[in-house]
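Atom set for the values below is all heavy atoms of this structure, side chains included, hydrogens, waters and symmetry mates excluded. A note on names: the letters A, B, ... follow the listed sequences, proteins ahead of strands, and every chain is numbered from 1.
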Number of protein chains: 2
Amino acid sequence: MRKQDITIYDVAREAKVSMATVSRVVNGNTNVRKDTRERVLKVINRLHYQPNAVAQGLASKRTTTVGLIVPDLTNLYFAELSKGIDDIALLYKYNIIITSIENRLMKEDQAIQGLLNKQVDGIIYMSDNLPEEAAEAFKRTDTPVVLAGTKSNHQEFPSVAIDYMKADTEALNLLYNDGKKNLALVLDDPDTVVNAENRIPAYKKFMADHNLGEGHIYSNIKDHSDGYNLYSQLRQDGIDGVIVTRDITAVGILNAATDAGTKIPEEMEIVTASATQIASVVRPALTAIRQPLYDIGAVAMRLLTKLMNNEEIDQKQIELPYELLKKQSTANK
Amino acid sequence: MRKQDITIYDVAREAKVSMATVSRVVNGNTNVRKDTRERVLKVINRLHYQPNAVAQGLASKRTTTVGLIVPDLTNLYFAELSKGIDDIALLYKYNIIITSIENRLMKEDQAIQGLLNKQVDGIIYMSDNLPEEAAEAFKRTDTPVVLAGTKSNHQEFPSVAIDYMKADTEALNLLYNDGKKNLALVLDDPDTVVNAENRIPAYKKFMADHNLGEGHIYSNIKDHSDGYNLYSQLRQDGIDGVIVTRDITAVGILNAATDAGTKIPEEMEIVTASATQIASVVRPALTAIRQPLYDIGAVAMRLLTKLMNNEEIDQKQIELPYELLKKQSTANK
DNA sequence: AGAATAGCTGTAAACGTTTGCACTTTTTGG
DNA sequence: CCAAAAAGTGCAAACGTTTACAGCTATTCT
């Protein structure tokens with residue numbers, strides 16, 4: 001096995017010091033005389049010594065590894081969040097163990113337990129929803145956790161997100177001012193905290209405030225074909241303006257509308273509540289609530305580094321600014 | 001610290017056995033009497049004992065962790081590959097450490113060294129290109145490596161991919177049979193092995209075989225706006241049929257064409273050489289070489305599990321079938 | 001019944017680091 | 001120049017497992 005030919009012992013022997021000193025050199029401890037440090041470094045280079053991170057992890061109880069829990073890697077929403085996380089993790093020299101939980105073999109709490117067994121120093125949780133068992137699992141551990149791009153009604157968990165209620169209200173207002181009065185809300189999952197506690201209340205309040213009646217909420221519309229198939233229902237219900245949680249779903253509606261000869265935005269306006277790359281490359285391009293996904297990820301990871309170092313946190317719930325990006329799926333005024 | 005309140009010792013004491021026996025129970029070793037096994041399991045459940053994977057890794061020299069090297073998480077091509085990898089990894093109980101190398105702070109060989117230091121049991125490499133230093137790094141280690149969705153001229157590395165040359169030729173043939181004679185090749189990076197040794201030769205050979213002249217190869221066209229901006233050049237060069245490596249780039253060309261009033265596919269046909277979700281949701285939908293990305297990832301991971309178990313491999317270079325999926329960006333015949 | 005064998009369990013040495021403590025050497029200040 | 005403080009170093013125990021190896025206890029066979 002070539003796997004670990006040279007250990008800290010070999011270096012110590014060659015450099016005629018103890019392993020403790022080698023360890024100090026490796027870890028940049030200042031209590032080493034300049035010339036011994038250089039001598040040790042020379043040996044390290046000559047032997048191509050590389051510390052065994054597993055042994056370091058066991059001895060120091062820090063693995064410089066963080067866990068990422070994500071529902072679906074191929075959902076660009078999470079991919080863009082992950083990118084922000086990854087960049088900051090690299091900066092702070094953390095590795096990332098990624099656990100995808102879309103696969104129903106892997107429940108949230110199992111995923112969490114798996115990460116804890118691997119002794120990750122922290123966890124970033126990105127699923128839209130935080131089931132009770134997952135919250136329990138987090139509460140049982142000392143390992144810090146940050147929610148990224150989502151919210152929980154557990155106020156104890158630090159999170160980074162946008163003000164979904166405000167954003168949705170602003171989007172509804174845009175539609176309303178464009179003269180659309182038969183507004184609908186299209187949701188992926190009605191039971192996530194973001195939807196149940198933010199988007200739905202925002203929608204209901206808006207409808208009530210403007211005397212627009214009950215309105216229409218469509219649930220469990222999750223991908224392109226769901227959106228495509230929903231379109232005829234929307235027409236039947238006389239919808240002329242719609243907010244859609246996922247942009248890929250919005251594209252489905254858009255394509256169905258185009259195929260049916262419906263004029264967008266004249267006859268129907270579409271706004272997506274989370275924009276990825278996709279929203280901007282389809283035609284007509286989608287008006288969108290642009291969440292700063294990369295930044296949410298980056299800030300979440302930065303926050304986690306602080307928690308892992310037991311630094312003081314000024315605020316646990318961070319809200320980043322969003323933008324309402326007007327494109328071709330709403331009136332050009 | 002609650003981090004590790006209970007160890008194998010605690011279980012051993014409570015169950016009145018040695019830690020060795022507890023270890024055997026945890027690892028499903030059969031050499032344990034039924035009633036002691038049950039007694040131990042009961043204690044494990046009562047104390048909520050969870051093995052420390054880091055200690056296990058150090059003692060057993062297996063971490064049940066594999067490393068993934070990927071250029072860009074937000075590129076759906078790699079995301080879809082990753083999904084296949086992830087599913088099989090879950091099945092075989094491996095965790096995944098993901099390392100993104102798009103960030104120029106992280107070179108390939110550093111990424112590899114980082115994974116090796118973490119003592120991963122295997123590595124899947126997904127970048128389009130395998131730089132010489134990376135190949136060297138792989139050769140120095142015993143840790144098995146599999147290339148997924150890419151090729152290398154290092155035949156010693158197992159890989160899973162499609163026959164790019166054949167696929168491209170078939171696509172060119174489609175354009176040719178639709179009557180397009182001024183064919184172009186649009187590449188992300190001309191120096192990757194896949195492009196330099198497969199796509200470009202296939203293109204040149206096709207052009208020569210059909211007396212179509214030198215042809216036009218456009219390089220370093222990597223994203224939507226690159227594609228969009230390239231369009232006028234294509235027109236200027238009289239191109240009427242084009243193969244594009246990335247689908248997001250193809251969409252850029254498509255959108256520019258639509259904006260310019262060019263009829264697709266009548267005046268120009270577009271085929272993308274790698275289809276993700278995006279290719280199918282734009283309008284007109286893109287004709288594409290559909291690589292079985294999920295399967296490539298899954299097969300690569302399966303292959304890696306065999307290598308990690310020192311099982312015999314019947315073939316190192318695996319080629320999976322692709323499909324030429326005709327959509328609206330080529331003639332409907 | 002006694003020997004051989006198989007099944008079960010415990011002991012203790014790894015695995016490759018980090019780190020508290022004690023000790024020695026050097027530096028500093030009066 | 002000496003005492004006190006600071007800097008540098010090594011020793012050895014820890015981190016929480018796995019796993020030879022040995023030993024002990026049933027079981028099987030003749």
Whole-Å gap separating [atom2] ([N]) and [atom1] ([X]):
X: A:N52; N: C:dG16; atom1: CG; atom2: P; result: 7 Å
X: A:D10; N: C:dC15; atom1: CG; atom2: P; result: 11 Å
X: B:Q119; N: D:dG16; atom1: CD; atom2: P; result: 19 Å
X: B:K16; N: C:dG10; atom1: NZ; atom2: P; result: 12 Å
X: A:I6; N: C:dT17; atom1: CD1; atom2: C1'; result: 15 Å
X: A:R62; N: C:dT19; atom1: CZ; atom2: C1'; result: 15 Å
X: B:N31; N: D:dC24; atom1: CG; atom2: P; result: 18 Å
X: A:L116; N: D:dG16; atom1: CG; atom2: C1'; result: 16 Å

**Message:** Just to verify, what does A:R62 make a salt bridge (charged side-chain N to carboxylate O under 4.0 Å, His left out) with, not counting sequence neighbours?
**Reply:**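 Expected list: none.
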**Asked** Who pairs with B:K118 by salt bridge (charged side-chain N to carboxylate O under 4.0 Å, His left out), at least two apart in sequence or on another chain?
**Response**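 With sequence neighbours excluded, B:K118 shows a salt bridge (charged side-chain N to carboxylate O under 4.0 Å, His left out) to no residue whatsoever.
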Sequence neighbours left out, what passes side chain to side chain donor-acceptor pair (under 3.5 Å) with [X]? Give chain and number order.
X: A:R39; answer: none
X: B:S23; answer: B:N27
X: B:E38; answer: none

**Message:** Looking at B:T63 and B:Q119, would you say the former's side chain and the latter's main chain have a donor-acceptor pair under 3.5 Å?
**Reply:**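 Present.
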**Message:** Please list all pairs meeting salt bridge (charged side-chain N to carboxylate O under 4.0 Å, His left out) that have one or both residues in residues 83-103 of chain B, counting only residues at least two apart or in different chains.
**Reply:**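 For residues 83-103 of chain B: A:D72-B:K83, A:K83-B:E102, A:E102-B:K83.
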Check: protein-nucleotides 18-20 of chain D nitrogen or oxygen pairs below 3.5 Å:
| residue | atom | partner | partner atom | Å |
| --- | --- | --- | --- | --- |
| D:dT18 | OP1 | B:N27 | OD1 | 3.3 |
| D:dT18 | OP1 | B:N27 | ND2 | 2.9 |
| D:dT18 | OP1 | B:Q56 | NE2 | 3.2 |
| D:dT18 | OP2 | B:S23 | OG | 2.2 |
| D:dT18 | OP2 | B:N27 | ND2 | 3.3 |

**Message:** For a quick test of reading the model: is some side-chain N or O of A:S18 closer than 4.0 Å to OP1 or OP2 of D:dG10?
**Reply:**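 Answer yes for this pair, as a side-chain N or O of A:S18 is under 4.0 Å from OP1 or OP2.
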**The single option from A:I123, A:T143, A:L68 passing side-chain contact (heavy atoms from CB on, under 4.5 Å) against A:L115** =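 So, applying the side-chain contact (heavy atoms from CB on, under 4.5 Å) to A:L115 and each of A:I123, A:T143, A:L68, only A:I123 qualifies.
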**Message:** Once you apply a heavy-atom cut-off of 4.0 Å, does B:V54 come out as touching a base, just sugar-phosphate, or nothing?
**Reply:**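 No contact.
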**Request:** Would you mind listing every ring pair (Phe, Tyr, Trp, His ring centres under 6.0 Å) that reaches into residues 113-140 of chain A, with sequence neighbours excluded?
**Result:**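 Applying ring pair (Phe, Tyr, Trp, His ring centres under 6.0 Å) to every pair that reaches into residues 113-140 of chain A, excluding sequence neighbours, yields A:Y125-A:F138, A:F138-A:F157.
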**Prompt:** Contacts to DNA chain C from residues 32-45 of chain B, heavy-atom cutoff under 4.0 Å, which residues?
**Reply:**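 Within this stretch, B:V32, B:R33, B:T36 sit under 4.0 Å of the strand.
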